[in-house]
Amino acid sequence: MSTPANAPWLVVGLGNPGPEYAMNRHNVGFIAVDLLAERIGGKFKRAGKAQAQVLEGRIGPVGPANRRVILAKPMSYMNLSGGPVNALREFYKVPLSQVVAVHDELDIDYGALRLKLGGGDNGHNGLKSMTKAMGPDYHRVRFGIGRPPGRMQVADFVLKDFASAERKELDYFVDRAADAVECLVTEGLERAQSAYNA
């Protein structure tokens, strides 16, 4: 089935709703999508029946590379992200190949990025929920957060705020993640991988 030329992209930041989670490592997807919203110049609003906040806009230069996008932040908690994302995908008629999940990744050094299409969830509950709801063939922009130090449990590590040393570089890395999403949407996966994959 071919993709309609005017089908939008759905860019989903994964995270947990609520101010207590705002600067957690697990919420870097929200942080990156907030920056994209700033660039577009719009504000998120509640999406009808889907448990999510959305912003519709356009990404890319004027001309054929300009793309319609829906930015989304599921408001259902990380491990239930799939339901709201799939509801938005169906509502906006987005092909699975034009869904992008922006999320934290333990197995990549802090701040490094890896972009890919499809694959496993690597124990990430947000991806697990999305894959269960839609299948695995969506894009991922994986933002490295590194492994927990010493014997710290993974769950404790991802739900902690970025350390003060990490915060110094966080804006730069999030800016790069937003650039990578824009490149993926406007120029395709191969170009984005060669420009941004660490």
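No hydrogens, no waters, no symmetry mates; every other heavy atom, side chains included, goes into these values. Residues: numbered from 1 along the sequence shown.
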What heavy-atom pair brings [X] and [Y] nearest, and what distance separates the two atoms?
X	Y	value
Ala180	Leu113	CB-CD1, 4.0 Å
Gly82	Ser129	N-OG, 2.8 Å
Arg140	Gly120	NH1-O, 2.9 Å
Val12	Val33	C-CG2, 4.1 Å
Pro8	Lys93	CD-O, 4.2 Å
Pro74	Leu14	CG-CD2, 4.5 Å

Keeping [X] on the side-chain end and [Y] on the backbone end, is there a donor-acceptor pair under 3.5 Å?
X	Y	value
Asp121	Gly123	yes
Asn86	Met134	no
His26	Asp104	no
Gln98	Pro95	no
Gln193	Leu115	yes
Arg142	Arg114	no

Does a side chain donor of either Asn122 or Asp107 reach within less than 3.5 Å of an acceptor in the other side chain?
yes
Donor on one side chain, acceptor on other, Asn66 and Arg58, under 3.5 Å
yes
How are the rings of [X] and [Y] set to each other: parallel, tilted or perpendicular (split at 30° and 60°)?
X	Y	value
His124	His103	perpendicular
Phe173	Tyr110	perpendicular
Phe162	Phe143	perpendicular

Less than 4.0 angstrom from a charged side-chain N to a carboxylate O is my criterion; do [X] and [Y] meet it?
X	Y	answer
Asp161	Arg25	no
Glu56	Arg68	yes
Arg67	Glu182	no

Working to the nearest 0.5 Å, report the span between [atom1] of [X] and [atom2] of [Y].
X	Y	atom1	atom2	result
Ile145	Asp109	CD1	CG	11.5 Å
Arg147	Ile108	CZ	CD1	11.5 Å
Asn16	Asn79	CG	CG	8.0 Å
Ser81	Lys128	OG	NZ	12.5 Å
Leu189	Cys183	CG	SG	9.5 Å

With a 4.5 Å cut-off on side-chain heavy-atom distances among I, L, V, M, F, W and Y, is there a chain of contacts connecting [X] to [Y]?
X	Y	result
Val54	Met78	yes
Leu127	Val102	no
Met75	Leu55	no
Phe91	Met130	yes
Val85	Leu80	no

Tell me every residue that passes salt bridge (Lys or Arg N to Asp or Glu O under 4.0 Å) with Glu38, counting only those two or more places apart in sequence or in another chain.
none
